[in-house]
Amino acid sequence: MTTPCPAPFGRALCAMITPFTAEGALDLDGAQRLADRLVAGGCDGLVLSGTTGESPTTSDTEKAELVRVVREAVGDRAHIVAGVGTADTRHTVELALAAEKAGADGLLAVAPYYSRPPQDAVEAHFRELADACGLPLALYDIPGRTGTRIEPETMIRLAEHPRIVAVKDCAYDLLGTQKVLARTGIAYYTGCDEYVLALYAIGGAGYISTVANATPRHFRSIIDAFDAGDTAEAARRQQLTIPLTELMMGSGLPGTVTAKALLGRLGLPAGPVRTPLRPAGQEASDRLLAAYEGLVAA
């Protein structure tokens, strides 16, 4: 039996989509129903208003309302982590305070994007955010989207802050990740579904998954098998998820688009994506459904 590392938000987290009505409004009832299904399916936590949750196109009011209604739905059965990252430090702090008031348990914030600040400015941004709010903070390292890496040495310094407790790792740099793991007690969650087992095996805390919107139990079973000491079974279960993961995350369509397409085919709350995103076509939707059915049948 392995001894898992600390996981401040639980081990199995879903980067939840934000359901919309057919007219494009926030679907609060759908969000509650989806959140309840995900928690029942083994999710320890839900990340709201992240990339998958279409944070660039939801308003500040919608973000806070989403936290409130999901908290009502899941109660204390799961952690709620609110995405608050923006390119503006002041705005990020405002979102963090609103999320705290609405009932979030933690925050997730990307490096400030587009302006590409140097590392000292990135560090100052996160410190200001952590100082301003009473919630634990997870740093979201996804340079492919933000244009700015949170460098390992910066991460090591930030890990000294008592409220900076976790990282969502989408940097595709296992060497850099291991440097931080070796020198800090910060909890690393993979944000790349194909790396769930790989990061967990080297000391990660768990995962924040987009694909888990449709298949929460399958991803949970990977880390459960590893924790039980059955590494071969954990590897087998990880490999079973790869066809669906590749279609959802590596087909050229954003994960938000593919997740909503698949959830819609399954009759689950999803709704349209907001522009500039566009919905998946019929062919892509058919392939997603076939891969999902293959995984469920395996």
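Keep in mind it's a predicted model, so treat the numbers as computed, not measured.
Counting only N and O atoms by type, the side chains of Thr52 and Thr256 include no donor and acceptor under 3.5 Å apart. There is a side-chain donor-acceptor pair under 3.5 Å between Gln282 and Asp286. Side-chain contact annotation: Asp193 with Ser209, donor-acceptor N/O pair under 3.5 Å present. With hydrogens and angles left out, the side-chain atoms of Thr58 and Lys63 include a donor and acceptor closer than 3.5 Å. No side-chain N or O of Asp169 forms a donor-acceptor pair with one of Tyr195 less than 3.5 Å apart. Checked by atom type, the side-chain pair Arg116/Thr148 shows no donor-acceptor distance below 3.5 Å. For the 3.5 Å distance criterion, the side chains of Thr89 and His125 qualify, holding a donor opposite an acceptor.
The line from CG of Leu240 to CZ of Arg236 is 5.0 Å long, rounded to the nearest 0.5 Å. Here the straight-line distance linking atom CZ of Arg71 with atom CG of Leu46 works out to 9.0 Å at 0.5 Å rounding.
At distances below 3.5 Å, at least one donor-acceptor pair connects side-chain atoms of Arg77 with backbone N or O atoms of Val74. No donor-acceptor pair under 3.5 Å is formed between the side chain of Asp131 and the backbone N or O of Glu128.
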Test side-chain contact (heavy atoms from CB on, under 4.5 Å) on Gln238 and Val196 and set out the steps. CA-CA 8 Å; Gln238 173 78 71; Val196 168; 3.4 Å; yes

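The environment of CG in Asp76 is sparse: at most 12 heavy-atom neighbours from other residues, nucleotides or ligands sit within 6.0 Å.
Here Tyr189 and Tyr207 keep their ring centres 6.0 angstrom or further from each other.
Cation-pi geometry between Arg145 and Tyr113 is not satisfied (NZ or CZ under 6.0 Å from the ring centre, within 45° of the ring normal).
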